[in-house]
Engineer: 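Input: one structure, supplied below.
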Amino acid sequence: MKESLKHCVNGMIDTLRGEGVLPTMALPQFRIDRPKEHDHGDFSTNAAMVMARVARMKPRDLAERMLAAMPTDQTDILRWEVAGPGFINFFVSPTRLRRQVHDILTAGPKYGFSPLGHGKKIMVEFVSANPTGPMHVGHGRGAVTGDVLCRLLHATGHQVHREYYINDAGRQIDVLGRSVLHRYRERIQGSELPQPTDFYPGEYVFDILDAIPTPLQQSLQEWLANPDQPEQETALLGAITRFAVDWVLEDIRKDLGKLDIHFDHWFSERQLHEQGGIDHALEVLRVKDLIHDGLLEKPKGGGERLQDEWETRTQPLFRATAFGDDVDRPLQKPDGQFTYFAADIAYHLNKYERGFDSLVNIWGADHGGYIKRVEAALEGLTGKKGLLHVLLVQMVNLTRNGQPVRMSKRAGNFVTLRDVVEQVGADAVRFWFLTRASASQLEFDLDLAVARSNDNPVFYVQYAHARICSIWRQMQEKGIEECPLDANALSLEVELDLIRFLDTFPETVESAAAHLEPHRIAFYLQDLAAKFHNYYNATRILEDDPKVRGGRLALCQAVRQVIANGLQLMGVNAPERM
RNA sequence: GCGCCCGUGGCUCAACGGAUAGAGCAACGGCCUUCUAAGCCGUGGGUUGCAGGUUCGAUUCCUGCCGGGCGCGCCA
């Protein structure tokens with residue numbers, strides 16, 4: 001509806017241009033809004049207000065002229081008016097509203113979809129948790145946010161590519177391998193050994209031990225019996241590290257699978273190194289003269305270790321300051337290895353070279369400090385601004401019955417994503433993660449998430465869907481005659497209101513996709529469920545009069561469809577009974 | 001010290017630059033011989049952290065403060 005009204009207003013503007021009231025030059029963008037106030041109509045536009053200056057007219061006068069250009073043959077708008085400082089308000093005819101129910105039922109599962117994206121290729125990189133241990137709840141929030149964002153982009157006509165960046169190179173991976181080896185030694189010797197300084201103490205390391213294949217175990221045992229062979233140690237450590245990373249990745253994949261989250265591609269950082277991706281990226285930067293040798297000041301933060309070990313030296317730096325970053329960023333460590341940032345530059349160049357029109361990264365809020373430098377690198381590499389959008393996802397605080405759940409790795413009560421999914425189920429986890437904007441911290445109450453009450457938004461929305469389904473069951477049980485679903489019989493103001501709200505669903509989907517804010521769908525569904533419960537409570541659906549009954553059933557079916565579509569976008573089930 | 005995010009009823013949060021700032025929780029008062037009361041209705045509660053600026057119009061954008069969180073590695 002909104003779109004067709006926009007065309008209508010554009011037509012009026014063209015007419016005024018023809019009459020010389022408005023200039024032919026580019027005009028300021030106008031908006032079509034839905035006023036909060038009922039008396040202000042179904043839609044309003046600020047067109048006359050924003051164009052008053054170029055027309056050299058008072059906003060209200062211009063509004064009158066515009067309305068005079070309203071096509072005479074249209075029937076969707078019942079009446080219109082100039083109001084306030086110069087708004088034009090439109091009142092949609094009830095006939096048009098009733099037709100909307102029909103349109104929703106016809107579109108079915110496709111209602112809310114749009115071709116807006118024109119097949120634009122977007123990559124969404126998300127989760128990308130280091131394969132050094134199980135996923136925690138915060139990773140889960142990023143995973144769900146990314147997955148739903150992908151669903152939204154798909155529904156709005158984008159070509160979406162989902163990618164997981166595996167940090168399978170670097171120190172942390174070595175630490176994992178050594179941790180496994182350490183535990184293996186302990187097991188063979190039957191006693192605890194002093195822990196290395198860099199060490200992962202988690203329980204899952206023992207699970208990895210149990211899974212080590214027999215041939216590798218035999219090699220390890222042979223070596224431990226005769227340990228004085230450095231080359232052998234290096235080779236075995238390499239083998240055990242690769243095995244451990246694969247094991248953890250499989251573990252992560254399983255967790256994501258339980259949330260029905262899947263990727264098109266798992267991109268290995270190690271392969272990026274092996275295939276010369278970093279050399280390639282640095283070469284591109286060098287050609288553009290964006291690398292220079294320089295000194296770096298010792299940073300303010302970073303802890304004691306950094307403060308002690310800092311070595312001021314001349315090293316290759318990326319000119320990040322040329323693109324708005326605070327300092328130039330180092331590309332190589334003292335031992336000659338590339339920095340994580342160097343790999344990230346290469347990875348993002350690789351993304352660009354694969355031909356994506358737009359890149360979206362979903363990061364934990366603790367990575368916020370890296371946005372500028374990665375944006376700077378992409379701009380330096382490609383000469384284009386705004387290719388990358390980084391969505392920061394804030395931390396999750398777990399509570400149980402309002403009390404914080406303490407999480408300490410040492411005490412062994414670390415709550416993993418898997419624990420939470422097993423306790424409350426995938427639907428509740430997915431929905432709950434989207435009950436706040438991603439930039440806001442989220443409190444996740446494990447008790448409330450499974451509570452069957454209206455405090456629990458998951459059940460509240462699912463219940464609305466189930467309630468509608470039960471109407472049809474009720475009809476069968478009572479042997480009530482089937483009647484054609486015909487919205488023309490709808491006349492109550494609450495019914496027209498409900499239709500108006502159903503009509504905003506496509507706009508909600510579009511704006512959620514455009515602003516990269518998947519939580520808007522959750523908010524919308526909560527509103528819709530509330531409106532439906534309200535209607536249901538006050539209005540008898542299964543009226544004796546088949547005409548009235550058919551109208552209300554049509555409306556209910558449309559509400560059910562929109563709830564189902566919204567839940568589908570969120571990856572949450574729409575149960576038929578509860 | 002610097003950067004990013006946040007600041008809205010007692011609490012948790014909404015509001016693509018629009019008209020009288022909205023929900024839920026909590027509090028109080030109502031609604032079940034009728035399709036799921038796992039629900040609904042009503043009442044009270046606000047100087048949108050503070051001060052400026054841009055605008056016809058600012059919770060929204062800009063600047064400066066104040067308060068909270070996160071980050072500031074040659075870690076990932």
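Lettering follows sequence order; numbering is per chain, from 1.
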Engineer: Can you measure A:Arg540 atom CZ to B:U33 atom P for me and round it to whole angstrom units?
Structural biologist: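 That distance rounds to 14 Å.
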
Engineer: Partner of B:U54 by Watson-Crick or G-U wobble geometry, both contacts under 3.5 Å, or none?
Structural biologist: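 Answer to the pairing question: none, since B:U54 forms no Watson-Crick or G-U pair.
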
Engineer: Quick check on B:G73: is either OP1 or OP2 less than 4.0 Å from any side-chain nitrogen or oxygen of A:Lys333?
Structural biologist: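 Answer no for this pair, as no side-chain N or O of A:Lys333 is under 4.0 Å from OP1 or OP2.
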
Engineer: Starting at CD of A:Glu507 and ending at C1' of B:A15, how long is that distance when rounded to a whole Å?
Structural biologist: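 That distance rounds to 15 Å.
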
Engineer: Could you check how far NE2 of A:His515 sits from P of B:A15, rounded to whole Å?
Structural biologist: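 Checked: the NE2 to P distance equals 10 Å.
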
Engineer: Closest heavy-atom contact between A:Ala513 and A:Thr156?
Structural biologist: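 That closest heavy-atom pairing would be CB-OG1, 3.6 Å.
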
Engineer: Between P on B:U34 and CG on A:Asp545, what's the gap in Å once rounded to a whole number?
Structural biologist: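 About 22 Å, once rounded to whole Å.
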
Engineer: Taking syn as any angle within 90 degrees of 0 and anti as the rest, which one fits B:C72?
Structural biologist: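 Nucleotide B:C72 adopts anti.
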
Engineer: Applying a 4.0 Å non-hydrogen cut-off, can you work out what A:Ala466 is touching in the nucleic acid: base, sugar-phosphate, or nothing?
Structural biologist: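 Base, at least one base heavy atom under 4.0 Å.
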
Engineer: Counting side-chain heavy atoms from CB outward, which of B:A37, B:C4, B:G18 is closest to A:Asn46?
Structural biologist: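 The listed nucleotide nearest to A:Asn46's side chain is B:G18.
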
Engineer: With a 3.5 Å cut-off and heavy atoms only, can you find an N or O donor on one side and an acceptor on the other between the side chain of A:Asn89 and the base of B:A19?
Structural biologist: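 Indeed, a donor on one side and an acceptor on the other fall under 3.5 Å apart.
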
Engineer: Indicate whether A:His40 forms a stack on B:A19; treat it as stacked only if centroid distance is below 5.5 angstrom and interplanar angle below 30 degrees.
Structural biologist: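 Stacked: ring centres under 5.5 Å, planes under 30°.
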
Engineer: Test A:Arg373 against A:Asp326 for salt bridge (Lys or Arg N to Asp or Glu O under 4.0 Å), laying out the working first.
Structural biologist: CA-CA 9 Å; A:Arg373 76 188 66 170; A:Asp326 305 327; over 6 Å; no

Engineer: Under 3.5 Å for both donor-acceptor distances, Watson-Crick or wobble: does B:G3 have a partner, and if so which one?
Structural biologist: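 Matched B:G3 with B:C70 under the 3.5 Å cut-off.
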
Engineer: Would you call A:Phe459 stacked on B:A38, i.e. ring centres under 5.5 Å apart with the planes less than 30° off parallel?
Structural biologist: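 The base of B:A38 is not stacked with A:Phe459 (the test needs centres under 5.5 Å and planes under 30°).
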
Engineer: Starting at CD of A:Gln394 and ending at P of B:G69, how long is that distance when rounded to a whole Å?
Structural biologist: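 Atom-to-atom, A:Gln394 to B:G69, this comes out as 12 Å.
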
Engineer: Give a yes/no on whether any side-chain N or O of A:Gln526 is located under 4.0 angstrom from OP1 or OP2 of B:G24.
Structural biologist: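 Checking B:G24 against A:Gln526, no side-chain N or O comes under 4.0 Å of OP1 or OP2.
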
Engineer: May I ask you to evaluate whether A:Asn456 reaches the phosphate of B:A38, defined as a side-chain N or O under 4.0 Å from OP1 or OP2?
Structural biologist: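 For B:A38, OP1/OP2 do not have a side-chain N/O of A:Asn456 under 4.0 Å.
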
Engineer: Do the rings of A:Phe323 and A:Phe318 sit parallel, tilted or perpendicular, given the 30° and 60° boundaries?
Structural biologist: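 Answer is parallel, since the angle falls under 30°.
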
Engineer: For a salt bridge (Lys or Arg N to Asp or Glu O under 4.0 Å) check, start with the C-alpha distance between A:Arg329 and A:Asp325, then their side-chain angles and the critical distance, and finish with the verdict.
Structural biologist: CA-CA 9 Å; A:Arg329 303 291 177 178; A:Asp325 199 0; 2.9 Å; yes

Engineer: Hey, would you say the A:Tyr347 and A:Tyr165 ring centroids sit under 6.0 Å apart?
Structural biologist: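 So the answer is yes for these two rings.
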
Engineer: What's the CG-P distance between A:Asp344 and B:C75, to the nearest Å?
Structural biologist: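 It works out to 14 Å between those atoms.
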
Engineer: Could you work out which one of B:A14, B:G3, B:C75 sits closest to the side chain of A:Arg171?
Structural biologist: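 For A:Arg171, the side-chain atoms sit closest to B:C75.
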
Engineer: Once you round it to whole Å, what is the distance between P of B:G71 and CG of A:Leu392?
Structural biologist: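 Nearest whole value for this atom pair: 12 Å.
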
Engineer: For B:A27 and B:U36, measure between their P atoms and round to the nearest Å.
Structural biologist: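 One P to the other, the span is 29 Å.
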
Engineer: With hydrogens left out and only the distance checked, is there a donor-acceptor pair under 3.5 Å joining A:Asp366's side chain and the base of B:G71?
Structural biologist: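 No such pair is found, so the answer is no.
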
Engineer: Can you see if the side chain of A:Ser470 gets near the phosphate of B:U36 - specifically, an N or O under 4.0 Å from OP1 or OP2?
Structural biologist: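 For B:U36, OP1/OP2 do have a side-chain N/O of A:Ser470 under 4.0 Å.
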
Engineer: With a 3.5 Å limit on both atom pairs, tell me what B:A21 is paired to, counting Watson-Crick and G-U wobble, or say none.
Structural biologist: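 For B:A21, the partner nucleotide comes out as none, under the 3.5 Å rule.
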
Engineer: The side chain of A:Pro35 is closest to which nucleotide in this list: B:C5, B:C35, B:A19?
Structural biologist: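 Selected nucleotide (nearest to the side chain): B:A19.
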
Engineer: Which nucleotide in the set B:G18, B:G39, B:A14 lies at the smallest distance from any side-chain heavy atom of A:Met49?
Structural biologist: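 Shortest atom-to-atom distance from the side chain points to B:G18.
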
Engineer: Could you work out which one of B:C40, B:A19, B:U36 sits closest to the side chain of A:Tyr460?
Structural biologist: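 Nearest to the side chain of A:Tyr460 among the choices is B:C40.
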
Engineer: According to the side chain to side chain donor-acceptor pair (under 3.5 Å) rule, which pairs have a member within residues 463-475 of chain A, sequence neighbours left out?
Structural biologist: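 For residues 463-475 of chain A: A:Tyr463-A:Arg467, A:His465-A:Arg560, A:Arg467-A:His533, A:Gln474-A:Lys478.
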
Engineer: With a 4.0 Å cutoff (strictly under), does any side-chain N or O of A:Arg467 reach OP1 or OP2 of B:A37?
Structural biologist: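 So the side chain of A:Arg467 is within the cut-off, an N or O lying under 4.0 Å from OP1 or OP2 of B:A37.
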
Engineer: Round to the nearest Å and state the distance from A:Ile88 atom CD1 to B:A19 atom P.
Structural biologist: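 To the nearest whole Å, that distance equals 17 Å.
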
